[in-house]
Every structure is written in structure tokens, then in C-alpha cells.
4 protein chains.
Amino acid sequence: MIINKNSPYPFYEQVVLGIKEDIVQGIFQPGDKLLSVREMASVLMLNPNTVSKAYKTLESEGVIVTVRGKGTFVSDKQQRHYRNEQQVGKLKEALEKIVIEASYLNVSLPELQSWLAEISEGLGGNSDGSKKSSEDN
Amino acid sequence: MIINKNSPYPFYEQVVLGIKEDIVQGIFQPGDKLLSVREMASVLMLNPNTVSKAYKTLESEGVIVTVRGKGTFVSDKQQRHYRNEQQVGKLKEALEKIVIEASYLNVSLPELQSWLAEISEGLGGNSDGSKKSSEDN
Amino acid sequence: MIINKNSPYPFYEQVVLGIKEDIVQGIFQPGDKLLSVREMASVLMLNPNTVSKAYKTLESEGVIVTVRGKGTFVSDKQQRHYRNEQQVGKLKEALEKIVIEASYLNVSLPELQSWLAEISEGLGGNSDGSKKSSEDN
Amino acid sequence: MIINKNSPYPFYEQVVLGIKEDIVQGIFQPGDKLLSVREMASVLMLNPNTVSKAYKTLESEGVIVTVRGKGTFVSDKQQRHYRNEQQVGKLKEALEKIVIEASYLNVSLPELQSWLAEISEGLGGNSDGSKKSSEDN
DNA sequence: GTGGTCTAGACCACT
DNA sequence: GTGGTCTAGACCACA
């Protein structure tokens with residue numbers, strides 16, 4: 001995971017997304033222990049408060065669970081993979097925004113579609129146990 | 001155009017997006033005069049400064065042009081439709097974020113693809129003169 | 001004289017400058033009669049109020065004089081060519097601003113100097129009677 | 001930096017220019033942290049919003065970068081020193097205006113040239129590390 | 001009438 | 001602490 005300090009996205013959101021990405025890719029499996037807030041902060045060169053906020057966000061979304069005195073773990077699949085229609089709505093809205101912006105940047109629909117396929121391919125929605133290398137994250 | 005006062009997006013960004021959407025849909029044509037800052041503010045129940053900020057943002061993106069003492073107008077297509085690769089990169093990144101979130105919400109790739117098609121259809125990249133009713137905005 | 005309706009400069013200032021330019025170039029001589037406000041407005045496709053404001057500005061600077069019932073005339077040289085140190089100060093300040101901006105645009109000093117020479121050449125500070133064609137103004 | 005509250009230039013533009021000047025003179029170096037919006041506002045006796053607007057303008061020009069929650073910093077030279085021909089055109093136009101006004105104030109070309117040399121000397125396009133005192137600002 | 005600038009003061013997100 | 005957003009209301013320049 002890399003934090004882009006010049007990104008318009010807040011650091012903590014980048015952490016949230018990065019961890020989700022790792023889980024989607026199967027790098028992290030349910031039950032795996034995450035780095036502690038301090039370790040993660042050290043690795044990413046962020047303020048521990050920032051990492052803490054990210055963990056809290058993930059926990060509120062049910063993605064991870066914190067066990068006092070033990071650490072933070074990736075929660076079970078069932079717990080996270082429920083379909084919140086409200087959030088689905090937001091997602092659709094975000095996609096709509098992208099389509100409008102794309103139109104302004106001369107990015108065609110087929111191009112968007114190919115991006116979509118390409119990204120999905122890259123993430124590899126593999127929910128099986130095959131881990132991917134994460135050396136450069 | 002409706003401003004969602006509970007949205008996490010700033011009002012002025014919603015205005016920016018809304019106007020872009022109207023232009024993409026052909027409701028606004030190049031050369032058309034937008035509502036004045038005050039009128040728009042009144043219609044949307046926003047502070048004129050907020051609308052002004054949106055207009056300035058759109059102007060800096062080349063979407064509209066303001067003529068002092070006259071008003072604000074939709075600029076010519078040629079002027080806005082250049083392809084800024086940096087912004088295209090951002091767009092792709094945003095799409096990536098969506099794919100990850102989708103995976104989390106149990107939204108499948110085919111579903112995303114169908115959304116994409118559906119949204120594009122709805123906007124209808126019609127660059128001809130046929131205006132669409134704006135009732136459904 | 002051409003009014004650039006997309007220029008950041010106000011129309012009336014462009015008119016002021018344009019007339020001064022014509023006088024500097026010798027197209028207008030002391031005593032010459034200017035177009036009436038209405039004629040000038042018609043020629044330049046401007047609102048008469050705008051031209052009127054330009055004329056008033058020029059008159060307050062002593063560049064032209066208005067004779068009631070007769071029209072507006074270029075004033076005598078002596079009257080206009082006095083050296084107002086306050087305005088000279090402003091001029092110097094404006095030049096300073098240009099130098100700073102130039103530095104930001106990678107425009108070197110020699111380049112600025114050559115521009116200066118070139119522009120002066122173009123205007124041709126000819127105070128003799130030789131008129132220049134003004135067809136394209 | 002001094003804000004002239006009687007100047008025809010907007011405050012925020014004066015701030016923009018003043019900061020650029022400081023950078024050109026080497027008082028501010030790439031990476032240096034600017035005063036916070038509130039501090040600068042306090043020092044200049046302006047409203048924070050006005051300073052904020054200046055900072056945003058500078059950021060949009062690539063002169064400075066803001067890091068959320070951290071502050072505002074002078075950006076790297078490479079990032080800002082690209083040559084935008086459109087802006088160069090504006091610069092030339094501004095110089096032209098000055099030449100015309102100069103002619104009206106009996107300021108000769110040689111005098112303008114000496115001003116130019118003098119100003120450049122004063123700013124001293126020193127890109128080395130030698131800071132200048134800012135007492136005379 | 002138009003948009004542009006400025007102020008004062010509030011609240012929020014981020015570090 | 002930082003900057004970002006929003007409001008309310010004032011004044012000005014321009015057409």
C-alpha cells in the first residue's frame with residue numbers, strides 16, 4: 001500500500017481503500033491480523049492518529065474487528081458482504097459522476113467499459129485462497 | 001438541478017456537476033446564457049457566493065465563460081473538449097475506487113457494466129440540437 | 001481600433017487605450033475631431049454609455065476636450081504631455097509587476113528588452129505629421 | 001509585504017504578487033512553509049478569506065502547494081517554470097499598454113529600458129541560496 | 001441589471 | 001493547529 005501525499009483524497013481514506021483493496025485481492029484473509037496502528041503508521045510514514053481513524057472507519061463498516069489487547073483482524077466474509085442498498089445508491093451516483101466527467105474529457109463509453117474490465121481483471125475478484133504477491137505494496 | 005444539502009459533496013461541486021450534466025444532456029447549448037448568480041442562488045436556495053464559486057470553477061475548466069456585466073454563457077465545445085491526460089488519470093483512479101467498493105457491496109462486474117450502459121443511455125451524449133425535457137432532474 | 005470582447009480589460013479602457021494609441025501613432029492630430037459617442041459606439045458595436053465613459057476618462061486626463069455643441073477634439077500637445085510623477089510611479093509599478101510575472105513564465109530580461117524595443121518601434125513615437133494607415137484598426 | 005488598501009488592485013492580487021516577488025527574490029525557497037492563512041491575515045490585517053483566495057490562486061498557478069492540515073509550501077521550481085504561451089501573450093500586451101502610457105507621460109524609451117534593467121537588478125533573479133533581507137518590502 | 005471583492009463569523013475535515 | 005466550505009451582507013465596477 002502506498003500513500004500518495006499529494007492526492008486530493010485524505011490520507012485516512014487512502015488507508016481505508018488500500019486495506020479494502022488488499023482484502024478484495026485476497027492478500028488479507030478473514031481472520032488475518034493487521035499491523036498495529038503504530039506499526040502501520042510507521043510503515044506508511046503517517047501520524048498514528050490518521051491510521052487510527054482509518055481503522056475506526058473500517059471497523060464501523062464491519063470490515064475489520066478490534067479485539068482489545070489482541071489487535072485488529074479482518075472480519076468474516078459474511079459480516080462484511082451484506083448489500084446495503086443505500087451505499088449501493090451512492091456507488092451508482094459516483095459512477096454517474098464519472099460518466100459525466102468522462103464525457104467532458106472525451107473519454108468514450110467503450111473506453112470506460114474497457115477500463116472497467118481491465119480494473120476488475122487487475123484486482124481479480126478472487127475470493128478463493130490464492131494470495132497474490134504484495135511485495136510492492 | 002437539485003442540491004442535496006446532506007450530501008458529503010460541497011454545494012458548489014454539486015452545482016458544477018449539475019451544470020455539466022445539463023450541458024452533456026443538451027439542455028444547455030453552447031452560447032446559452034445561464035441563470036445569473038443571484039437567480040441561480042435563489043432557485044437553489046444557496047448563497048450567491050456559493051453559486052459564484054461554482055461558476056468560477058466551471059470557468060477555470062473552460063466549460064463556461066463570463067462576460068462582465070452581461071452574464072455567464074456556455075462556451076463552445078471545441079474550447080472545452082480537449083483531453084487532459086492528468087485528469088483522465090484521476091478519472092481512472094476514481095473508477096478503480098468504485099470497483100473496489102462495489103466488490104465490497106456484493107455488486108458484481110456485470111452489474112457495474114449494466115449500470116454504466118444505463119447511465120450513458122440516460123445522459124445520451126446527444127450533441128445534436130434536440131433538447132431534452134429537464135423534468136426528471 | 002478593435003475591441004476584444006473576451007479581454008479581461010473593460011471595454012471602456014480598451015477604447016481609452018486605443019485612442020491614445022492612435023494619437024501616439026499620429027493617426028489623430030491635435031485639433032482633430034473624434035467620432036461622436038454614438039458613431040463610435042456604432043462602429044465599435046458598443047453601448048454608447050461605454051464609449052461615453054471612455055471619452056470622459058480621456059477628458060479627465062486632458063487627452064481630449066469636449067466643446068459643447070461642436071464635438072470632441074484631440075487636445076493640444078502641451079496640455080497632455082505633462083509629466084505627472086504620481087502616474088509615473090504607477091507606471092513603474094506596473095512594469096515591476098511585469099518583470100515578476102515574466103520571471104515566472106521563463107521570459108528572460110533580454111527578451112523583455114527586445115519586446116520593449118519592438119513595441120516602441122511598432123508604435124513609432126512619431127510626433128511629426130506623417131500619418132499611418134489605420135485601416136485595420 | 002505591504003498591502004496598499006487604496007490600490008486599484010484587489011487585496012488578494014497584491015498578496016499573490018507579493019508572494020511571487022518574495023519567491024523570485026529568494027526570500028522564500030522551494031519547500032519553505034508560508035505563514036498560515038490566519039497568521040498571514042493577521043500580519044497583513046486582512047480577512048482570512050482574502051488570504052485564502054490568494055493562496056488558492058497561487059496554488060492553481062502551481063506556485064505553492066497546500067497540504068491539508070499541515071500548511072502551505074513553496075513548490076519546486078520545475079513545477080512552476082513552464083512557459084504558457086497564452087500567458088506570455090498577455091504579458092506582452094501588458095507591456096504594450098505600458099509603452100503607450102509612457103509615451104503619454106513623456107517617459108522615453110531609454111528611460112523605460114533603464115527602469116527595466118533597474119527592476120531586474122533589484123529583484124535579482126538569484127536562484128542560489130542567498131537570501132535577501134526583506135526590510136525594504 | 002451583471003459579476004467581483006471583501007468582511008465577519010460559523011462549522012467541518014484533516015493532521 | 002491546518003485549510004475548506006458556507007452564509008449573510010456590504011460595496012464596487014461594468015454594460
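Letters A, B, ... are given to chains in the order of the sequence lines, protein chains preceding strands, and every chain is numbered from 1.
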DNA chain E: Y12(A) or F11(D), which has the more 5' nearest nucleotide?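 That would be F11(D).
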Which residues satisfy the side-chain contact (heavy atoms from CB on, under 4.5 Å) test with [X], sequence neighbours excluded?
X: A94(C); answer: I98(D)
X: N6(B); answer: N4(B)
X: K70(D); answer: V67(D), F73(D)

Partner residues of [X] under the side chain to side chain donor-acceptor pair (under 3.5 Å) criterion, sequence neighbours left out:
X: T72(C); value: none
X: E101(A); value: K20(B)
X: E13(C); value: K97(D)
X: E96(B); value: none

If each of G69(D) and K5(B) is mapped to the nucleotide of DNA chain F with the nearest heavy atom, which maps nearer the 5' terminus, i.e. the 5' end? G69(D)
Determine the minimum heavy-atom distance between V65(A) and S75(A), stating which atoms define it.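 Between these two residues, the closest heavy atoms are CG1-CB, 4.0 Å.
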Pairing string, 5' to 3', for DNA chain F - Watson-Crick or wobble contacts under 3.5 Å, brackets [ ] where pairs cross, | to another strand: ||||||||||||||.
Considering only heavy atoms of chain C and a distance under 4.0 Å, specify the first and last nucleotide of DNA chain F in 5' to 3' order that meet this criterion.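 Boundary nucleotides touching chain C, in 5' to 3' order, are dC14(F) to dA15(F).
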Under the salt bridge (charged side-chain N to carboxylate O under 4.0 Å, His left out) test, residues paired with K53(A) that sit two or more places apart: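 Salt bridge (charged side-chain N to carboxylate O under 4.0 Å, His left out) check on K53(A) returns nothing, list empty.
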Figure out the NZ/P separation between K53(A) and dA13(E), and round it to whole Å.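 Interatomic distance, NZ of K53(A) to P of dA13(E): 7 Å.
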Atom CD of E13(A) and atom P of dC12(E) are separated, to the nearest Å, by 18 Å
Solution key, residues 36-50 of chain D side-chain donor-acceptor pairs under 3.5 Å, sequence neighbours excluded:
from	atom 1	to	atom 2	distance (Å)
S36(D)	OG	R38(D)	N	3.4
S36(D)	OG	E39(D)	N	3.1
E39(D)	OE1	S36(D)	N	3.0
N47(D)	OD1	N49(D)	N	2.7

Sorted by number, the residues of residues 41-52 of chain B with heavy-atom contact under 4.0 Å to DNA chain F: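 Within residues 41-52 of chain B, the residues near DNA chain F are L46(B), N47(B), N49(B), T50(B).
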